[in-house]
Every structure is written in structure tokens, then in C-alpha cells.
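The structure under discussion appears below in the form of C-alpha cells.
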Amino acid sequence: MTPPTPAKPPKPHATLEKWIWILIYGGLFLIVLGIATGRTEPATGWAMAVPGGIATVVGFVLIYVRSRMNDK
């Protein structure tokens with residue numbers, strides 16, 4: 001029998017990359033949902049679209065932060 005091979009260590013920035021895409025796609029989804037809701041309930045639409053826009057911007061800022069991180 002061969003000894004079990006150790007599991008590969010996770011990528012150094014895998015968690016950050018996962019959150020980047022969650023924030024971007026989740027934020028864009030909220031923006032679209034807010035626009036669609038805003039046609040019948042403007043206050044609710046704004047209450048959904050604004051946090052979605054903020055989440056999207058944070059995701060794009062994290063892309064910049066990730067590009068400046070050291071991979072070593």
C-alpha cells in the first residue's frame with residue numbers, strides 16, 4: 001500500500017477571490033432586482049439597488065487590492 005498523499009494547500013488568496021465574485025454578482029443581481037421592483041415600489045427599489053451598487057463597487061475595489069497583494 002502506498003501512503004496517502006497530503007492534500008494540496010489552498011491557494012493563498014482563494015477566499016478573497018471567492019468574496020470578490022460573490023460581491024460583484026450579488027451586487028449586480030440586487031441592482032437589477034431593485035430596478036425591476038422600483039417600477040411599482042420606488043422606495044423598496046432604491047433600498048435594494050443602492051446596497052447592490054455598494055457591494056458591486058466593493059467587489060471591484062477588492063480586485064484592485066488583490067492585484068496589489070504579494071503572491072509569495
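Ile35 and Phe29 fall into different hydrophobic clusters, where Ile, Leu, Val, Met, Phe, Trp and Tyr are joined by side-chain heavy atoms under 4.5 Å apart, directly or via other members. Two different hydrophobic clusters hold Leu33 and Ile54 under the rule that ILVMFWY side chains link at heavy-atom gaps under 4.5 Å.
Between atom CG of residue Leu16 and atom CH2 of residue Trp21 there is a gap of 11.5 Å, rounded to the nearest 0.5 Å.
For Ala55 against Gly27, the heavy-atom pair with the smallest separation is CB-CA, 4.1 Å.
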Q: Mind running side-chain contact (heavy atoms from CB on, under 4.5 Å) on Ile20 and Val65 for me, showing each step along the way?
A: CA-CA 10 Å; Ile20 287 171; Val65 168; over 6 Å; no

(Q) Before you tell me yes or no, could you show the steps for Leu23 and Leu62 under side-chain contact (heavy atoms from CB on, under 4.5 Å), namely the whole-Å CA-CA distance, both residues' side-chain angles and the distance that decides it to 0.1 Å? (A) CA-CA 9 Å; Leu23 286 169; Leu62 286 178; 3.8 Å; yes

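Checking Val57, Val58, Ile63 one by one against Ile24, the side chain to side chain contact (heavy atoms under 4.5 Å, CB included) holds for a single residue, Ile63.
Checked by atom type and distance alone, the side chain of Thr37 never pairs as donor or acceptor with a backbone atom of Gly34 at under 3.5 Å.
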